[in-house]
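Quantities reported herein were computed from a predicted structural model and do not represent experimental measurements.
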Amino acid sequence: MAINGWEGLFARRGGEAVIYGVGIDLQSVPQMGEAIGRQGERFLRKIFTPGEIAYCSKHRGAARHYAVRWAAKEAFYKAVGDVLPRKYGFLDVEVRNLPSGRPVLELHGSTGEAAAHYGLSFRISLSHSGDYALAQVIAIQEAGKAFPGIEPMREHAAGEAIRLC
């Protein structure tokens, strides 16, 4: 299930959708290259889906593409916190690119089911430059799909998003 979209990116008046969480992660491209060099295919198959491996391996400087996907997976879990199933893995979160080149998240297994159940969609931004790869994930929640005991971010009167606890 591809989960993405501008719908509800920012908290809307009327309660249509709110930003639930934001995650960001920075990954070292040389460290990713070293890990791939040491562990090879075994490492790649443990962390990346077949689609991600196919995409990254066709590019020169594949380590930067792997590094930014690793960062996106980490940023995803930071954005959703601990509300999704405890038994998740890196293979549950896949970064794909639309024909336009825009990256999207595709969630698999219980992670995808839980995200759909709680009305979550995601926007991601990826960047790599030199020795670093960066990913940011914004989790957007539909109105009426609140997590038990957890409040999403709401818009403050001055326009800043704050988390209500």
Side-chain angles (χ1 to χ4, degrees), residues 1-10 17-116 118-141 147 150 152-153 161 163:
M1 162 194 331
I3 301 179
N4 198 28
W6 280 107
E7 303 80 22
L9 178 56
F10 301 102
V18 293
I19 293 177
Y20 174 76
V22 177
I24 190 167
D25 194 71
L26 182 69
Q27 174 64 41
S28 165
V29 173
Q31 283 182 338
M32 179 60 65
E34 291 168 13
I36 294 168
R38 278 192 318 272
Q39 301 176 45
E41 281 294 315
R42 185 174 149 260
F43 171 75
L44 293 178
R45 287 193 311 273
K46 184 177 177 183
I47 305 297
F48 302 101
T49 66
E52 289 172 319
I53 293 170
Y55 176 85
C56 295
S57 64
K58 74 179 181 183
H59 288 87
R60 239 177 71 197
R64 69 183 177 153
H65 296 283
Y66 285 117
V68 81
R69 278 155 179 73
W70 173 287
K73 293 167 190 264
E74 291 283 344
F76 168 80
Y77 288 114
K78 290 174 182 178
V80 297
D82 61 355
V83 296
L84 293 184
R86 297 271 186 224
K87 289 194 167 223
Y88 60 76
F90 282 109
L91 298 176
D92 293 339
V93 179
E94 179 175 5
V95 177
R96 292 187 312 103
N97 288 83
L98 298 177
S100 66
R102 189 174 106 198
V104 296
L105 290 180
E106 187 167 329
L107 304 180
H108 305 286
S110 61
T111 300
E113 292 168 9
Y118 289 115
L120 291 176
S121 60
F122 303 90
R123 284 293 287 181
I124 67 173
S125 180
L126 309 177
S127 184
H128 38 71
S129 180
D131 287 348
Y132 297 99
L134 178 82
Q136 181 177 36
V137 174
I138 300 173
I140 304 149
Q141 188 177 42
F147 296 103
I150 299 174
M153 291 183 180
R163 183 175 295 276

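Atoms CG and OG1, from L120 and T111 in turn, are 11.5 Å apart once rounded to the nearest 0.5 Å. In this structure, CG in L134 is found 10.5 Å from OG in S129, a value given to the nearest 0.5 Å. Atom-to-atom distance recorded for I36:CD1 and Q31:CD is 12.0 Å, nearest 0.5 angstrom. Atom-to-atom distance recorded for I140:CD1 and F122:CZ is 8.5 Å, nearest 0.5 angstrom. Here CG of L126 is found 10.5 Å from NE2 of H65. Values are rounded to the nearest 0.5 Å. Atom CZ of residue R96 and atom CZ of residue R102 lie 10.5 Å apart, to the nearest 0.5 angstrom.
Taking each heavy atom of A133 and A71 in turn, the nearest pair found is O-CB, 4.2 Å. Of all the heavy atoms in G23 and A79, the pair that sits closest is N-CB, 3.5 Å. In this structure, I138 and V22 approach most closely via the heavy-atom pair CG1-CG2, 4.4 Å. Closest non-hydrogen pair, L107 versus A115, comes out as CD1-CB, 3.6 Å. When all heavy atoms of A135 and A75 are compared, the pair lying nearest together is O-CB, 3.7 Å.
In this structure, D131 has no side chain to side chain donor-acceptor pair (under 3.5 Å) partners at least two apart in sequence or on a different chain. With sequence neighbours excluded, the residues satisfying ring-ring contact (aromatic ring centres under 6.0 Å, His included) with F90 are W70. A search for side chain to side chain donor-acceptor pair (under 3.5 Å) contacts involving Q136 returns nothing, not counting sequence neighbours.
Contact annotation: the side chain of R45 never approaches that of Q39 to less than 4.5 Å [non-hydrogen atoms, C-beta and beyond]. Annotation: side chain of D92 is not in contact with side chain of F76 (no heavy-atom distance under 4.5 Å). Contact annotation: the side chain of H108 never approaches that of L91 to less than 4.5 Å [non-hydrogen atoms, C-beta and beyond]. Using a 4.5 Å cut-off on side-chain heavy atoms (C-beta onward), V95 and L105 make contact. Side-chain atoms of Q27 and H128, non-hydrogen and from C-beta on, never get closer than 4.5 Å to each other.
Sorted by first and then second residue, the side-chain hydrogen bond (donor to acceptor under 3.5 Å, both in side chains) pairs with a member in residues 46-57 read T49-E52, T49-E94, E52-K73; sequence neighbours excluded. Listed by first then second residue, pairs satisfying ring-ring contact (aromatic ring centres under 6.0 Å, His included) with a partner in residues 27-48 read F48-Y66, not counting sequence neighbours. Applying the salt bridge (Lys or Arg N to Asp or Glu O under 4.0 Å) test to pairs two or more places apart or on separate chains, those with a residue in residues 17-35 are D25-K78.
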